[in-house]
Amino acid sequence: MVLKPSEFSPATSSLLAKLLPEYLDISSIKVVEGAVSETSALLEQKWDKIFYTGNGIVGRIVMAAAAKHLTPVVLELGGKSPVVVDSGIDLQIATRRIIAGKWGCNNGQACISPDYIITTKDCADKLVDSLKKELETFYGKNPLESKDLSRIVNSKHFSRLTKLLDEDKVSRKIVYGGERDEANLKISPTILVDVPCDSLIMKEEIFGPLLPILIVSKIEDSFDMINSGTKPLAAYLFTNNKKLKEQFVVSVSAGGVVINDIAMHLAIHTLPFGGVGESGTGSYHGKFSFDAFSHKKAVLYRSFMGDAALRYPPYTRGKLRLMKAFMTSNFWTILRALFGRS
């Protein structure tokens, strides 16, 4: 096995390269550090399996390289994971869970992080007020100074997020946050309401602390909105409506679905974790990880006893009659065929 950590997180990459040889068999497992050239060189080799987690652009490169050798892949990608918020729920618990899954989970830099919220007009204002209140409780009046708020991984992604936020038709939709500290690579939790669907922030995975809220006339309209885009890695719904829960599970195509919480399906090892369509292929976690790196080889042992002439030519009418009888699995039909009665 060769492990190639991301060059975008060099400290983590260096730590893995240092620690793995101390605890694992280096004749079986190697760590290769580097960037594009090292990754390209690795992809030119013939492997039994390639497992990649990251974005869809690199996912396509990995899959194209694997296709040259017919190598199977597991791709855990990402996408725009939606959160649908219905009325008549415990709004405080819902907002706390959304905050924990969005900003508490590496400041939005996680593949299953909520990308945007869909709710109705009558619920939107209450939701925004609740988010503001709980965010201040968690991160204080100046979240950029909070030790509980993660930095943006590097300056490249800081610039990318700034570009999303500074688009004219988006910047005026900010109702909370938007503060930035480029020197320390920090962006505060930012809420935007009713951003245009054709804006950059709604066209690509955000992967950061920005959270748009979209308004629909009725909550059921959210299903069509989600399905009109690419299939997300995760989809979340907050509701007490049993019928809506069932409709969401059946109607929305996503790698995983969670009702009344965010990202908790990752913690349950008996559930497979993976994407569908643009959000990936294959799954892992728990025994599913073992299965992902296993081939289910069929093995059959037979003896030399009970060799039936029925399977060999010439295929007479009697043999044909007996074959048809065996296909019915009916005892009396088989018995009649044996005595030539059918």
Side-chain angles (χ1 to χ4, degrees), residues 4-19 33-39 53-58 77-81 83 95-96 98-117 128 131-193 195-196 199-213 262-263:
K4 167 60 181 68
S6 172
E7 66 273 21
F8 291 121
S9 46
T12 302
S13 177
S14 176
L15 187 66
L16 285 168
K18 175 180 177 292
L19 291 180
E33 293 191 273
V36 175
S37 59
E38 288 79 7
T39 302
T53 177
N55 63 60
I57 295 170
V58 179
L77 306 177
K80 298 186 74 62
S81 297
V83 182
T95 50
R96 281 172 166 255
I98 291 169
I99 291 168
K102 176 69 173 180
W103 294 285
C105 190
N106 205 26
N107 208 7
Q109 299 168 105
C111 56
I112 38 71
S113 172
D115 194 273
Y116 62 99
I117 291 176
V128 170
L131 283 167
K132 288 178 180 179
K133 180 183 175 183
E134 297 303 329
L135 280 166
E136 190 170 315
T137 301
F138 293 159
Y139 301 111
K141 291 187 180 296
N142 189 355
L144 293 181
E145 294 179 358
S146 172
K147 293 180 180 179
D148 295 310
L149 191 71
S150 301
R151 289 179 170 85
I152 304 306
V153 68
N154 56 32
S155 57
K156 178 184 175 182
H157 280 284
F158 186 94
S159 298
R160 180 185 62 81
L161 289 164
T162 299
K163 183 181 177 183
L164 296 181
L165 207 52
D166 286 345
E167 190 179 6
D168 286 342
K169 52 188 172 183
V170 170
S171 59
R172 59 177 178 263
K173 300 291 186 178
I174 297 172
V175 296
Y176 180 84
E179 297 85 13
R180 293 162 243 180
D181 179 356
E182 189 171 0
N184 290 304
L185 295 178
K186 277 200 163 187
I187 300 176
S188 67
T190 303
I191 303 168
L192 310 96
V193 174
V195 299
S199 57
L200 289 174
I201 203 169
M202 289 308 300
K203 285 185 176 179
E204 64 178 69
E205 182 180 6
I206 295 170
F207 212 75
L210 321 178
L211 185 62
I213 297 177
I262 302 289

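Residue numbers run from 1 in the order of the sequence given.
Shown here is Glu7, whose CD atom has more than 12 heavy atoms of other residues, nucleotides or ligands within 6.0 Å. The number of heavy atoms from other shown groups lying within 6.0 Å of NZ (Lys169) is above 12.
Nearest heavy-atom pair across Pro143 and Lys186 is O-NZ, 4.5 Å. The shortest non-hydrogen separation linking Ile112 to Ala263 is CD1-CB, 3.6 Å. Here the closest heavy-atom approach between residue Glu33 and residue Ala17 is recorded as OE1-CB, 3.5 Å. Here the closest non-hydrogen pair linking Pro114 and Ile98 is CG-O, 4.4 Å. Considering all non-hydrogen atoms of both residues, Ile201 and Glu167 come closest at N-OE1, 4.4 Å.
The backbone N or O of Pro209 sits less than 3.5 Å from a side-chain atom of Trp103, completing a donor-acceptor pair. Here the side chain of Gln109 pairs a donor or acceptor atom with the backbone of Arg151 at under 3.5 angstrom. Judged by distance alone, the side chain of Thr162 and the main-chain N or O of Phe158 form a donor-acceptor pair under 3.5 Å. With hydrogens and angles ignored, the 3.5 Å screen pairs a side-chain donor or acceptor of Lys102 with a backbone N or O of Leu210. In terms of modelled atom types and a separation under 3.5 Å, the side chain of Lys4 and the main chain of Ala35 share no donor-acceptor contact.
The side-chain heavy atoms of Ser188 and Leu135, taken from C-beta on, include no pair separated by under 4.5 Å. Within the 4.5 Å cutoff, the side chain of Leu161 has heavy atoms near those of the Ile206 side chain. Two residues are said to be in side-chain contact when any heavy atoms from C-beta on lie closer than 4.5 Å; Ser150 and Asn106 meet this criterion. Taking 4.5 Å as the limit, every side-chain heavy atom of Met202 sits out of range of all side-chain heavy atoms of Pro196. Asn184 has its side chain out of reach of Leu144: every pair of non-hydrogen atoms, C-beta onward, lies at least 4.5 Å apart. Counting heavy atoms from C-beta on, the side chains of Cys111 and Leu77 never come closer than 4.5 Å. Residues Glu204 and Leu164 have side chains in contact (heavy-atom distance under 4.5 Å, counting atoms from C-beta outward).
At a threshold of 4.0 Å, the pair Lys80-Asp115 counts as salt-bridged, since one of the basic side-chain nitrogens sits closer than that to a carboxylate oxygen.
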In sequence, state the C-alpha distance, the side-chain angles, and the governing distance for Ile191 and Ile117, and then conclude on side chain to side chain contact (heavy atoms under 4.5 Å, CB included).
CA-CA 10 Å; Ile191 303 168; Ile117 291 176; over 6 Å; no

Show your working on side chain to side chain contact (heavy atoms under 4.5 Å, CB included) between Leu131 and Tyr176 and close with a plain yes or no.
CA-CA 9 Å; Leu131 283 167; Tyr176 180 84; over 6 Å; no

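With values rounded to the nearest 0.5 angstrom, Leu16 atom CG is found 11.0 Å from Ser6 atom OG. Once rounded to the nearest 0.5 Å, the distance linking CD1 of Ile152 with CD of Glu182 reads 11.5 Å. Here the CD atom belonging to Glu134 is positioned 4.5 Å from the OG1 atom belonging to Thr95, to the nearest 0.5 angstrom. Remark: Arg160 CZ to Asn154 CG distance equals 9.5 Å, nearest 0.5 Å.
Exactly one of Ile213, Val195, Leu165 qualifies for a side chain to side chain contact (heavy atoms under 4.5 Å, CB included) with Lys173. That residue is Val195.
Ring pair His157/Phe207 is tilted by interplanar angle, where 30° to 60° counts as tilted.
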